[in-house]
**Student:** 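The structure that follows is given in the form of structure tokens.
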Amino acid sequence: MLERAITGIRGTGHRVVNGVWRLGYASRFFLAVLLHSSMSFRRFHLTIKEIYFSGVLSLIIILVSGLFVGMVLGLQGYETLQKYGSESALGTLVALSLVRELGPVLAALLFASRAGSAITAEIGLMKATEQISAMEMMAVDPIARVVAPRFWAGVISMPLLAAMFSATGVFGGYLIGVVLIGVDEGQFWSQMQAAVDFRQDVMNGVIKSCVFGVAITAIALFEGYDAPPTAEGVSHATTRTVVTSALAVLALDFILTAFMFRGL
Amino acid sequence: MERKTLDLWVGLFVVAGLAAVLVLAMKVGNLSTFNMSESYELKADFGNIGGLKARAPVKSAGVVVGRVTNISFDNASYRARVTMVVDKRYQFPKDTFAKILTAGLLGEQYIGLDPGGDEVNLKSGDNIAKTEPAMVLESLISKFMFDKAADGDAKK
Amino acid sequence: MPSENLVEIQELNFTYDVRPVLQGINMHFPRGKVVAIMGLSGCGKTTLLRLIGGQLKPSSGQVQVAGQTIHTLDREGLFRMRRRMGMLFQFGALYTDMSVFDNVAFQMREHTDLPESLIRDLVLLKLEAVGLRGAHNLMPTELSGGMARRVALARAIALDPMLMLYDEPFAGLDTISLGVIGNLIRHLNDALGATSIVVTHDVQESLKIVDYIYFMSEGRVIAEGTPDELRAADTGFVHQFVHGEIDGPMPFHYPGAGYAEDLALDVAHA
């Protein structure tokens with residue numbers, strides 16, 4: 001009995017120490033990526049190639065999800081608002097929820113599972129097949145050549161994807177609210193414009209998605225770089241990327257929201 | 001893939017992303033109707049602001065001319081002090097009346113400016129002297145009931 | 001005056017966590033020679049290569065390449081040194097997102113400002129040397145194991161290195177590819193005027209092409225000599241290894257509890 005308790009305590013301690021150690025290692029890795037970023041911009045075509053893989057190829061899923069989320073918001077929002085006779089506020093509801101929260105957060109979650117997991121798997125496999133080692137032996141820094149361009153590509157793609165998600169979402173809400181249900185078009189747009197502030201809402205949404213982009217790509221790259229060079233190791237790392245970045249996005253969203261919209 | 005095709009796709013992607021931000025700014029947001037950079041600040045004290053919040057619109061004759069930036073409580077006069085910014089294009093006379101109004105029965109509260117007839121216009125940092133507090137539904141109802149009761153007493 | 005030996009290893013010890021991997025290694029690799037390091041899997045051969053390439057730091061002792069001590073070099077110096085080394089990895093380690101051509105051109109593009117037309121000539125020259133000029137448009141996934149190894153070889157010699165490191169170049173190849181790679185190692189070494197270090201457990205193939213052999217077991221050098229000397233050895237570990245006998249000084253059984261003991265335990269459980 002006592003023995004089991006001791007083993008349990010020891011296990012917990014071990015996990016805590018391990019977690020702190022990994023966090024420190026991850027921070028050092030992140031710092032190294034930032035310090036070795038000059039090549040990503042000097043030879044920008046390296047970054048462009050990665051924007052294609054993480055940004056352009058994520059477009060379809062982002063646009064389709066955005067449209068549907070906007071349409072659902074239109075339907076649900078109308079159901080609720082018409083009880084209070086204020087269907088004209090539908091535009092406000094759709095736009096504010098998309099621009100402030102759903103756009104950045106949902107786009108980030110989709111990005112984590114679409115692009116983040118791919119980054120982890122790619123880096124993990126490059127390590128497992130000694131491609132990273134080979135690069136080091138050729139006197140090319142893999143952090144600068146492989147990791148940093150993927151990082152900056154993610155940071156550039158994320159806010160653009162989130163903005164497209166929100167814009168298609170608003171369009172989806174418009175389709176349902178105005179075209180299908182018949183809310184007055186003028187009221188839909190004017191109430192929306194009266195309530196949505198460019199700096200407070202749109203820019204804060206963009207800032208949020210930039211932060212999410214940094215978090216997701218940093219997590220994905222670290223997990224890939226740190227993955228044990230086996231099939232099992234890479235698959236675990238990919239799972240961890242999706243889970244960790246989803247949690248990170250939600251936690252960061254709470255913190256950022258608390259800072260940004262506290263005055264309301 | 002060929003480098004040129006790749007560049008083209010990424011270019012299109014970036015343009016589409018920036019266009020989305022632009023749409024959010026102009027069509028969804030209020031950047032087209034109200035430009036914060038060309039504005040001046042006004043202050044007004046109210047006895048009661050009701051449900052007025054920061055960022056509420058400031059309207060005159062129904063047109064949005066500005067926005068509430070800050071609300072504080074003045075401990076000397078026990079009144080609410082509202083700071084607002086107004087677009088430079090719109091100038092108002094010194095004796096302008098500031099009221100807290102409600103859009104519809106349950107809508108958002110906003111500040112309405114009724115221009116007076118003074119020759120001199122309000123400058124940045126000026127205080128609007130003539131204000132009317134928000135109408136609070138409870139006091140309205142109790143006033144109505146009190147009047148009715150008083151009416152009834154008088155008729156007896 | 002440069003010393004006779006390109007690579008010198010002196011009293012090298014390496015400990016991974018607490019497990020000693022290499023103990024008191026002394027080796028030297030003369031210029032222009034092909035030297036093999038042989039031993040069973042897990043005896044520390046690959047670790048030794050990584051120490052020479054500067055990917056690991058020794059616990060004590062030193063590795064000198066061209067008169068410079070590897071582990072005291074800073075990052076800049078190490079990278080300068082590595083530009084003069086070529087390494088062939090066990091399974092080639094080709095970049096799977098680039099074509100054969102781009103793989104071979106990789107180092108030239110990273111380290112030189114050569115015009116694209118010159119790079120093209122150089123790449124085709126290197127591919128011609130390994131007999132795969134016709135395959136320059138293929139992707140690595142379209143190559144067989146032996147071809148991938150040859151492309152990787154062309155990539156490793158892209159900048160005409162003075163030192164070639166081979167990590168298990170013969171692993172997992174058919175007999176024909178085996179002969180091809182063996183010959184290439186020898187001929188490229190002589191053509192480039194380089195020095196080659198071949199880490200392998202393939203005895204028969206390497207005895208044909210190398211000038212000198214070190215035998216390692218459990219982190220120590222246990223025998224060394226020319227191929228003829230080692231073939232002549234008729235006793236002990238070298239004999240077992242060279243002739244591929246199952247049992248000998250290197251036991252067939254992994255050390256463990258007694259066989260009977262293990263079985264009795266199973267009976268008790270049943």
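Below, all heavy atoms of this structure are taken into account, side chains as well, without hydrogens, waters or symmetry copies. Naming: A, B, ... by sequence-line order, numbering from 1 per chain.
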**Student:** Do C/Met164 and C/Val198 pass the side chain to side chain contact (heavy atoms under 4.5 Å, CB included) test, and can you show the C-alpha distance, the side-chain angles, and the key distance before you say yes or no?
**Tutor:** CA-CA 8 Å; C/Met164 279 298 299; C/Val198 183; over 6 Å; no
**Student:** Tell me, side chain or backbone of A/Met39 under 4.5 Å from chain C's heavy atoms, or both, or neither?
**Tutor:** side chain
**Student:** Cation-pi between C/Arg155 and C/Tyr95: NZ/CZ under 6.0 Å from ring centre and within 45° of the ring axis?
**Tutor:** yes
**Student:** Heavy-atom count around A/Arg22 CZ within 6.0 Å, excluding the residue itself: above 12?
**Tutor:** yes
**Student:** So for A/Lys127, is it side chain, backbone, both, or neither that comes closer than 4.5 Å to the heavy atoms of chain C?
**Tutor:** neither
**Student:** Can you tell me which of C/Arg80, C/Glu110, C/Met87, C/Gln90 forms the most heavy-atom pairs within a distance under 4.5 Å of chain A?
**Tutor:** C/Glu110
**Student:** Which one wins on heavy-atom pair count under 4.5 Å against chain C: A/Gln131, A/Glu122, A/Glu136, A/Glu130?
**Tutor:** A/Gln131
**Student:** Which bit of C/Leu94 is near chain A, if near means a heavy-atom gap under 4.5 Å: side chain, backbone, both or neither?
**Tutor:** backbone
**Student:** I'd like to know whether CZ of C/Arg84 has more than 12 heavy-atom contacts from other residues, nucleotides or ligands below 6.0 angstrom.
**Tutor:** no
**Student:** Is the cationic atom of C/Arg75 (NZ for Lys, CZ for Arg) positioned less than 6.0 Å from the six-membered ring centroid of C/Phe79 and within 45 degrees of its normal?
**Tutor:** yes
